[in-house]
Amino acid sequence: FLEIMPKGQESEMMGIYLFSSNGFLWLPPLIVTLLNESGIPINRGILVLAGLSVLSICGLFMMGSYEEAKEKAKLTEAIEMSQVDEETGE
């Protein structure tokens, strides 16, 4: 994960990662609880969880490969380094 982050932005990206992973962890149990407390049978709540899992798996399959991301990160870093070299006159 650290290999594909832009240099100098590691803390920003880790913040986004932690927020998205932990920030929405409470949402599926809340949905099931609200459904259950409003009188909807628990088996429908479990179906909602299954639907959320299917959405997650679809999102996972839509991601590119890790190797391609590493190559793009190296290319971006090389371009940024060449721009810095041009600015400093080296």
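- Listed here is the closest heavy atom pair of G45 and L35: CA-CD1, 4.1 Å.
- Hydrophobic clustering (ILVMFWY, side-chain heavy atoms < 4.5 Å, transitive): F61 and L55 are in distinct clusters.
- Across all their heavy atoms, P29 and L25 have their closest contact at CD-O, 3.6 Å.
- One hydrophobic cluster holds both L27 and L52 under the rule that ILVMFWY side chains link at heavy-atom gaps under 4.5 Å.
- The hydrophobic cluster containing L47 does not contain V54, counting ILVMFWY residues as joined when their side-chain heavy atoms lie under 4.5 angstrom apart, directly or transitively.
- I31 and W26 end up in the same hydrophobic cluster when Ile, Leu, Val, Met, Phe, Trp and Tyr side chains are linked at under 4.5 Å.
- Of the candidates I46, I42, I40, R44 forms a side-chain contact (heavy atoms from CB on, under 4.5 Å) with just one, namely I40.
- Counting all heavy atoms, side chain and backbone alike, F24 lies closest to S20 at CD1-O, 3.7 Å.
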